[in-house]
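Notes follow the structure.
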Amino acid sequence: MSISAVNLWSWYPIVASRDLQTGAVMPAMLHGERVVVWRSREGRLGVWNDRCPHRSMSLSLGSTLGEMLVCPYHGWEFGSDGNCRRIPAHPATTPSRAARARVYPAIEASNYVWACLGEPASAQPECGLVAGSALSPIRSMHVCADAETVALILLAHPLTATAGQTPAAPACQLEGDMLAVTHAGESGSAICRAQLGLPPIIVCKLDIAGEPLSYAGLIQPTGENTAVVHLALLGEGAQAARLALNRALSRLRDRMPVLAQSVLLPELRDVLADLRQPAAISVMSKGLDHGENNRPSRAQ
Amino acid sequence: MAKTTDPVALNNWYVVAALSNLAAGQTHRTRLLGQDISLRTGADGSPNCAEIEAGQPVREVEHIAVRYDFVWVCLGRPTQDIIDIPEIGDSGRRYIQRGRIGVATSGPRIIENFFDLSHFSFVHTGTLGGLNVTEVPPYAVDVRENGELWATECRFFQPKASSASDEGAEIAYQYRVPRPFIALIYKTSPSRPTDNDIIGLFIQPRDETDCIVHSFGLMWNWKNSDAEMLHFFHEVFAQDRSVLIHQLPKKLPLMPRREIPTHSDALSIAYRRWLDKSGLQFGVDREFAKSA
Ligand code: FES
Ligand SMILES: [Fe+2]
């Protein structure tokens with residue numbers, strides 16, 4: 001069982017809706033695939049392979065013209081289905097059917113643009129964790145770690161308003177098809193959840209110093225060792241909370257090399273490895289420990 | 001990358017420097033076909049070339065020549081002479097060397113861009129093309145008896161065809177591709193419409209996807225300063241480079257269906273076939289041809 005294997009049937013977050021204005025064209029990466037993300041004048045969304053079928057120019061350097069995406073090299077115009085509609089060198093000629101950009105399934109849900117590199121298994125991003133709740137984007141940030149490591153770090157180290165507020169001694173348990181990591185301490189608690197077998201989306205319920213707050217980290221695997229974390233509030237939240245989470249994410253990025261070495265990560269990886277054996281799931285409940293002296297004991 | 005083993009690439013002549021760039025007594029280091037080389041002018045002013053390994057000259061390069069004020073080198077056994085450009089030195093045109101510019105892509109991608117008519121309106125908007133006239137009329141392509149690839153009867157409306165242009169004009173073009181990494185343009189001279197200006201591109205492939213472009217102009221232009229002519233050229237070339245570095249794959253795919261051409265790409269189609277036939281490996285992508 002894994003929480004991050006990139007697959008061809010899942011939806012992956014690409015960009016916050018508000019960051020893709022009408023008429024905008026931008027480059028993005030998804031699992032090593034260069035894609036162009038664009039929005040037509042009427043608001044139609046496109047996530048395509050970032051390669052013009054004509055002479056392989058990067059389409060993300062192009063521009064939109066109404067409902068068309070225009071390649072910057074020879075001005076070929078592509079409709080929302082990816083088919084070339086007009087070749088300016090031959091305005092009277094109907095472009096061949098082979099003159100077609102590769103179009104990926106893309107949708108907009110919960111204030112994000114999502115894309116699938118193959119055939120999506122569901123009509124919507126299938127994450128029960130965020131279904132129904134409005135996501136309010138805070139920030140998208142590039143990090144230098146693979147998506148699984150980033151997911152584990154987010155599970156093991158909740159984003160809190162002040163550095164060091166994370167309660168110690170997290171416990172790990174399976175809730176249906178979700179992995180929940182509970183951090184409980186004197187200052188409060190944090191419960192981080194991830195849905196297994198799906199693109200890594202980490203949802204965290206914080207209750208620290210009497211202030212409940214929920215956020216989501218949507219992880220976009222960009223390369224083998226790079227990812228983007230899209231951080232969003234779950235529901236509405238005060239500006240102060242947004243700022244605090246934003247800062248916490250910066251701290252997390254700066255500490256990424258250290259956190260990637262943290263003792264919690266191998267423990268979480270063990271938990272996930274155990275989950276690969278179906279028999280182990282029913283007895284899954286495991287204590288994790290921050291401390292150097294206490295090796296975690298397997299509670300059965 | 002080490003020196004290529006591709007005999008087709010090795011047996012060609014390449015420009016590696018303008019003679020005027022070589023200061024007497026100084027060593028000029030550069031790279032050709034994956035091989036580090038050094039150039040040095042001797043007491044008589046003629047250049048020598050050596051292959052370098054670990055910073056030391058290890059082999060004298062036998063085939064070196066000066067032609068058209070450029071230094072030419074062949075790292076293999078030349079199967080053909082350095083190309084003949086009879087117009088250099090015989091006419092009233094002004095001969096200007098246009099410096100060296102690095103471009104991080106393959107030589108064949110640079111050559112294709114150089115002889116491409118259909119990008120003028122979009123990449124050189126306002127000079128070599130305008131957005132109001134984008135159509136490329138049909139032209140003729142042929143491979144001559146001497147093996148050179150030519151396109152003739154090309155025409156295109158250009159708002160400012162050269163630094164000497166005062167107004168837009170329909171410009172007649174001919175393209176000459178005598179070698180895989182060399183191309184020449186013959187285009188109507190704005191200051192002498194009955195005659196041609198000539199622009200030549202000599203690619204020095206440092207590696208498969210990293211080149212230095214040497215070039216010259218042979219123009220009926222006596223009204224601009226060198227600086228004005230170079231400025232026009234550099235502006236145009238900077239625009240070309242900005243697209244070239246974003247074309248992926250960098251190696252030119254030779255498999256026909258990998259990139260979809262249209263009528264105006266007749267020369268590009270012919271160039272790819274011509275390269276395919278030549279057996280060239282360096283800077284081209286034949287992998288796709290196998291896998292599809
Ligand atoms: S490469 Fe896109 S139009 Fe030519
Ligand atoms: Fe150009």
Side-chain angles (χ1 to χ4, degrees), chain A residues 25-38 48-66 68-79 81-103 222-223, chain B residues 105-106 108-113 115-125 129-139 154-157 239-269 271-272 285 288 292:
Chain A
V25 184
M26 61 170 70
M29 291 287 285
L30 186 52
H31 196 45
E33 194 81 18
R34 297 181 310 119
V35 300
V36 50
V37 189
W38 66 287
W48 299 359
N49 186 285
D50 193 7
R51 190 180 79 81
C52 177
H54 178 220
R55 287 298 180 246
S56 297
M57 180 64 191
S58 186
L59 287 170
S60 55
L61 293 164
S63 52
T64 51
L65 186 68
M68 305 282 196
L69 180 62
V70 185
C71 177
Y73 198 169
H74 308 98
W76 288 23
E77 295 171 19
F78 298 88
D81 55 1
N83 286 314
C84 180
R85 294 283 153 70
R86 185 167 175 273
I87 294 177
H90 307 291
T93 309
T94 307
S96 110
R97 287 165 59 93
R100 191 175 60 226
R102 171 141 194 223
V103 177
T222 49
Chain B
T105 190
S106 68
R109 285 279 193 204
I110 299 169
I111 296 289
E112 269 209 2
N113 165 268
F115 63 55
D116 174 40
L117 291 153
S118 64
H119 77 291
F120 287 156
S121 294
F122 301 92
V123 178
H124 308 300
T125 318
L131 289 171
N132 47 343
V133 186
T134 57
E135 184 158 6
V136 176
Y139 57 87
C154 313
R155 286 170 294 132
F156 204 77
F157 179 84
Q239 292 166 333
D240 283 321
R241 183 160 67 172
S242 72
V243 289
L244 280 168
I245 58 175
H246 290 108
Q247 245 181 316
L248 294 174
K250 288 174 186 268
K251 293 194 219 171
L252 191 75
L254 295 189
M255 193 267 264
R257 303 301 291 169
R258 176 62 185 157
E259 295 181 339
I260 309 299
T262 184
H263 313 296
S264 54
D265 297 312
L267 181 51
S268 153
I269 296 166
Y271 177 59
R272 292 179 188 202
D285 197 339
F288 283 114

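In what follows, chains are A, B, ... by sequence order, proteins preceding strands, each numbered from 1.
- A:Leu61 CG to B:Gln247 CD: the interatomic distance, rounded to the nearest 0.5 Å, is 11.5 Å.
- Counting all heavy atoms, side chain and backbone alike, A:Met57 lies closest to B:Val243 at SD-O, 3.6 Å.
- Contacts between A:Ser60 and chain B at a heavy-atom distance below 4.5 Å are absent for every atom of the residue.
- With a 4.5 Å cut-off on side-chain heavy atoms, A:Ser56 and B:Pro249 count as touching.
- Heavy atoms of B:Asp116 lying under 4.5 Å from chain A belong exclusively to its side chain.
- Between chain B and the options A:Ser58, A:Pro95, A:Gly75, heavy-atom pairs under 4.5 Å are most frequent for A:Gly75.
- The parts of A:Pro88 that come within reach of chain B are both its backbone and its side chain, each placing non-hydrogen atoms under 4.5 angstrom from that chain.
- Between B:Thr262 and A:His74, the closest side-chain pair of non-hydrogen atoms is not below 4.5 Å.
- In the displayed structure, A:Arg85 atom CZ is contacted under 6.0 Å by more than 12 heavy atoms of other residues, nucleotides or ligands.
- There is no contact between A:Arg100 and chain B, counting heavy-atom distances below 4.5 Å.
- Across A:Tyr73 and B:Val123, no two heavy atoms sit closer than the pair O-CG2, 3.6 Å.
- Note: B:Val136 leads B:Val133, B:Leu131, B:Leu117, B:Val136 in heavy-atom pairs under 4.5 Å with chain A.
- Smallest separation of non-hydrogen atoms from A:Arg86 and B:Thr134: NH2-OG1, 4.4 Å.
- For the pair B:Glu112/A:Arg55, a side-chain contact is recorded, criterion being any heavy-atom separation below 4.5 Å from C-beta on.
- When the shell of 6.0 Å around NE2 of A:His90 is examined, it contains more than 12 heavy atoms from other residues, nucleotides or ligands.
- Considering only heavy atoms from C-beta on, A:His54 comes within 4.5 Å of B:Asp265 through its side chain.
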